[in-house]
Amino acid sequence: MLDLGFVRGNLPLVEEKLRQRGADPAALLGDFHVLDGARREAITRAEQLKARRNELSQRVGALKRAGQDATALMEETRSIKEALDGLDAEAATLDEKMRQSLARIPNLTRDEVPSGRSEEQNVVVKTWGSPARFDFEPKPHWELGEQLGILDLERATKLSGARFAVYKGAGARLERALISFMLDRHTLEHGYTEVLPPFLVNSRSLFGTGQLPKFAEDLFRCADGQEFVEGEYRDNDHWLIPTAEVPVTNLFRDEILDETQLPICYAAYTPCFRAEAGAAGRDTRGIIRQHQFEKVELVKFARPEDSDAEHEKLTGDAERILEMLGLPYRRMLLCTGDTGFSSAKTYDLEVWLPGQGAYREISSCSNFESFQARRANIRYRPGNKGKTEFVHTLNGSGLAVGRTWLALVEHYQQADGTVLIPEVLRPYMNGMERIAASS
RNA sequence: GGAGAGGUGGCCGAGCGGUUGAUGGCAGCGGUCUUGAAAACCGCCGAACCCGAAAGGGUUUCGUGAGUUCGAAUCUCACCCUCUCCGCCA
């Protein structure tokens with residue numbers, strides 16, 4: 001969420017930034033200054049009446065203590081109260097409107113983010129490794145997975161419908177190995193603290209990180225309470241997390257952190273659940289796009305002046321996993337139109353998938369600056385200044401485990417249909433060197 | 001699910017209709033003292049919003065929402081959450 005005062009004082013800039021994102025400034029803040037003016041006027045008038053009422057009440061108290069008559073004053077206070085009812089309601093309504101429209105305005109992208117409509121305009125920042133060359137026709141992971149008996153998509157459909165998977169044998173083991181491998185690197189070598197959060201969160205949390213209200217249709221919600229109503233963020237409803245970002249970032253919601261704690265770096269494994277509304281027909285084969293997938297997520301809370309450097313470091317930490325696994329990738333700087341709602345700047349890591357002959361997203365590393373912190377009210381007290389400030393939050397996949405699984409299977413496939421296991425992973429696979437059909 | 005207790009400022013903890021934004025303690029900040037540090041002592045110290053160029057003024061805020069009252073942290077009701085015990089269960 002942007003700061004109300006900032007939007008008020010920088011309307012042209014905000015409009016320009018929204019346009020760069022491909023958003024419609026008119027729709028998002030068309031009547032901003034009208035609404036803002038009306039809201040402030042209502043507040044001012046209501047507050048003047050309240051000041052008068054409070055003053056009268058005090059005098060009533062004084063008179064009564066002195067044993068004198070106060071009926072005249074009490075009469076005036078009563079009439080103020082009636083006028084106040086309407087005014088207060090009006091101010092509250094306008095305030096809520098402002099709040100809601102503010103909550104739907106995306107973050108401002110940084111100036112170094114390239115302008116662009118879609119992913120076409122994303123910029124390659126670096127490329128690591130090069131796509132493997134095969135002297136045979138590489139197969140997509142769904143064929144390999146089925147032949148090796150490590151992936152069962154058909155039966156998953158029976159259990160849960162489309163976009164679910166069952167992993168078996170070495171396939172299940174591989175998934176678990178990847179999770180452990182990633183967590184070990186991040187906690188043992190990159191300085192993150194492991195967190196295992198709840199997989200269900202309330203709507204307050206989803207508002208905090210920016211999934212609500214705009215992206216409700218992308219989420220799975222448990223039918224254990226009332227309907228979701230925009231503007232009402234409950235702490236007693238339950239939604240499946242779309243990413244560990246939500247519970248982990250919200251750990252410090254409504255808290256004031258000590259500056260000496262920062263940066264706080266967490267690594268969390270969780271399954272992720274996404275409704276994938278609007279993705280109908282996309283990536284229907286294989287496990288690229290699932291309703292449920294595993295992910296190891298990196299989350300940081302940093303001082304504003306450090307968030308850039310922490311963003312680079314975090315992205316590097318994710319990249320290192322790909323490098324250790326020997327998977328070719330490239331780092332993309334997302335353009336304005338492709339940068340997520342809450343993010344000020346995002347790098348995507350794209351891994352090469354031989355089965356598709358394309359680079360596909362396997363990690364997304366974002367600096368949210370104070371956008372989420374303002375929504376979730378996460379602050380810290382800088383130095384010896386008494387004033388609190390919002391922290392900067394960051395996160396990135398480190399990595400999406402399901403996609404790592406399929407990249408690995410496709411990248412390390414052999415002519416005979418087996419899949420080599422990279423050396424760094426073998427300790428996590430009980431020494432297994434390759435996945436063969438009999439396993 | 002049943003019974004009880006409780007939700008107050010960064011933290012702990014008083015207050016239980018009228019100068020209470022809230023006693024006190026801790027932490028933090030500034031100062032005195034000291035070669036330095038500690039201790040001791042003195043002072044400052046919540047947040048959001050509105051008006052104002054500023055100085056400053058005002059409003060709201062004691063889990064949330066309604067209500068009673070001239071006036072509520074304090075009274076009433078509903079709801080939420082936490083803790084303890086019991087039951088059930090991984």
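The analysis underlying the following values was restricted to heavy atoms, covering all of them including side chains, and did not include hydrogens, waters or symmetry mates. Predicted model, so just to flag it, every value in this text is computed and none were measured. In what follows, every chain begins at residue 1, and chains take the letters A, B, ... in the order their sequences are listed.
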If the condition is salt bridge (charged side-chain N to carboxylate O under 4.0 Å, His left out), which residues does D88(A) pass it with, not counting sequence neighbours?
K50(A)
Within the distance-only criterion (no hydrogens, no angle test), does the side chain of T336(A) pair as donor or acceptor with the backbone N or O of Q20(A) below 3.5 angstrom?
yes
Under the rule for salt bridge (charged side-chain N to carboxylate O under 4.0 Å, His left out), what residues qualify as partners of D111(A), not counting sequence neighbours?
K17(A)
Exercise answer: donor-acceptor pairs, residues 313-321 of chain A side-chain atoms, under 3.5 Å, sequence neighbours excluded:
{"unit_1": "T315(A)", "atom_1": "OG1", "unit_2": "H311(A)", "atom_2": "O", "d": "2.8"}
{"unit_1": "D317(A)", "atom_1": "OD2", "unit_2": "Y192(A)", "atom_2": "OH", "d": "2.6"}
{"unit_1": "E319(A)", "atom_1": "OE1", "unit_2": "K126(A)", "atom_2": "NZ", "d": "3.0"}
{"unit_1": "E319(A)", "atom_1": "OE1", "unit_2": "R331(A)", "atom_2": "NH2", "d": "3.2"}
{"unit_1": "E319(A)", "atom_1": "OE2", "unit_2": "R331(A)", "atom_2": "NE", "d": "2.7"}
{"unit_1": "E319(A)", "atom_1": "OE2", "unit_2": "R331(A)", "atom_2": "NH2", "d": "3.3"}
{"unit_1": "R320(A)", "atom_1": "NH1", "unit_2": "E189(A)", "atom_2": "OE1", "d": "2.9"}
{"unit_1": "R320(A)", "atom_1": "NH1", "unit_2": "H190(A)", "atom_2": "NE2", "d": "2.8"}
{"unit_1": "R320(A)", "atom_1": "NH2", "unit_2": "E189(A)", "atom_2": "OE1", "d": "3.1"}

Rounded distance (Å) that lies between atom P of A66(B) and atom CG of D88(A)
10 Å
On a whole-Å scale, what distance lies between the C1' atoms belonging to G13(B) and C26(B)?
10 Å
Partner lookup for A14(B), please. Criteria are Watson-Crick or G-U wobble with both distances under 3.5 angstrom; report none if nothing qualifies.
none
For U61(B) versus G67(B), give the span between their P atoms, rounded off to a whole number of Å.
13 Å
Atom pairs, protein N/O to nucleotides 49-53 of chain B N/O, distance under 3.5 Å:
{"unit_1": "C49(B)", "atom_1": "O3'", "unit_2": "R39(A)", "atom_2": "NH2", "d": "3.4"}
{"unit_1": "C50(B)", "atom_1": "OP1", "unit_2": "R8(A)", "atom_2": "NH2", "d": "3.0"}
{"unit_1": "C50(B)", "atom_1": "OP1", "unit_2": "R39(A)", "atom_2": "NH1", "d": "3.3"}
{"unit_1": "C50(B)", "atom_1": "O2'", "unit_2": "T44(A)", "atom_2": "OG1", "d": "2.6"}
{"unit_1": "C51(B)", "atom_1": "OP1", "unit_2": "R40(A)", "atom_2": "NH1", "d": "3.4"}
{"unit_1": "C51(B)", "atom_1": "OP2", "unit_2": "R40(A)", "atom_2": "NH1", "d": "3.4"}

State, without any angle test, whether Y266(A) and E194(A) hold a side-chain donor-acceptor pair at a distance under 3.5 Å.
no
Distance check needed: G71(B) P versus I80(A) CD1, whole Å only.
10 Å
Atom CZ of F252(A) and atom C1' of G10(B) are separated, to the nearest Å, by 14 Å
Return yes if some donor-acceptor pair links the side-chain N/O of S343(A) with the main-chain N/O of K345(A) below 3.5 Å, else return no.
yes
Provide the distance between the two P atoms, one in U60(B) and one in A40(B), to the nearest whole Å.
40 Å
For N430(A), give me all partners under side chain to side chain donor-acceptor pair (under 3.5 Å), at least two apart in sequence or on another chain.
none
State which residues pass side chain to side chain donor-acceptor pair (under 3.5 Å) with T270(A); sequence neighbours excluded, sorted by chain then number.
none
When the P atoms of G57(B) and G21(B) are compared, how many Å lie between them, rounded to an integer?
15 Å
Determine which nucleotide pairs with A90(B), using a 3.5 Å limit on both distances of a Watson-Crick or G-U wobble pair.
none
Partner of A3(B) under the Watson-Crick or G-U wobble criteria, both distances under 3.5 Å, comes out as U84(B)
Which residues pass the side chain to side chain donor-acceptor pair (under 3.5 Å) test with D95(A), sequence neighbours left out?
R39(A), R99(A)
Find the partner of A48(B): check Watson-Crick (N1-N3 plus N6-O4 or O6-N4) and G-U wobble (N1-O2, O6-N3) distances, both under 3.5 Å, and reply none if neither fits.
U59(B)
Across all strands, who's sitting opposite A72(B) as a Watson-Crick or G-U wobble pair, both distances under 3.5 Å?
none
Round to a whole Å and report the spacing from CG of L84(A) to P of U59(B).
12 Å
Taken to the nearest whole Å, CZ/R204(A) to P/U64(B) is 11 Å
With side chain to side chain donor-acceptor pair (under 3.5 Å) as the criterion, how do N107(A) and S342(A) come out once you've worked through the C-alpha distance, each side chain's angles and the decisive distance to 0.1 Å?
CA-CA 5 Å; N107(A) 201 358; S342(A) 299; over 6 Å; no
Any N54(A) side-chain N or O less than 4.0 Å from OP1/OP2 of G71(B):
no
Please write out the pairs of protein N or O atoms and N or O atoms of nucleotides 7-9 of chain B separated by less than 3.5 Å, giving the distance to one decimal.
none

Check the distance between G10(B)'s P and D258(A)'s CG and give it to me in whole angstrom.
14 Å
Rounded to whole angstrom, note down the C1' distance from U59(B) over to G1(B).
45 Å
With 3.5 Å as the limit, what N/O pairs link the protein to nucleotides 15-19 of chain B?
{"unit_1": "G18(B)", "atom_1": "N2", "unit_2": "S57(A)", "atom_2": "O", "d": "2.9"}

Categorize R53(A) for me: base, sugar-phosphate, or nothing, with a 4.0 angstrom heavy-atom threshold over every strand shown.
sugar-phosphate
Who pairs with R176(A) by salt bridge (charged side-chain N to carboxylate O under 4.0 Å, His left out), at least two apart in sequence or on another chain?
none
For the pair made of CG in D254(A) and C1' in C81(B), what is the distance, rounded to whole Å?
13 Å
Quote, to the nearest angstrom, the P distance that separates A78(B) from A14(B).
27 Å
Taking the C1' atom in each of G2(B) and G15(B), what is the distance between them to the nearest angstrom?
33 Å
Classify the side-chain pair T418(A)/R434(A) by whether it contains a donor and acceptor separated by less than 3.5 Å.
yes
Distance, rounded to the nearest Å, where E55(A) contributes CD and G58(B) contributes P:
10 Å
Partner residues of R155(A) under the salt bridge (charged side-chain N to carboxylate O under 4.0 Å, His left out) criterion, sequence neighbours left out
D152(A)
Pairing partner of U64(B), by Watson-Crick or G-U wobble and under 3.5 Å for both distances, is A78(B)
Between C29(B) and A39(B), how many Å separate the two P atoms, rounded to a whole number?
12 Å
For residues 241-250 of chain A, which residue pairs pass the side-chain hydrogen bond (donor to acceptor under 3.5 Å, both in side chains) check, not counting sequence neighbours?
T243(A)-K295(A), E245(A)-Q372(A), E245(A)-N395(A), N250(A)-R253(A)
Using a 4.0 Å heavy-atom cut-off across all strands, classify I256(A) as base, sugar-phosphate, or nothing.
sugar-phosphate
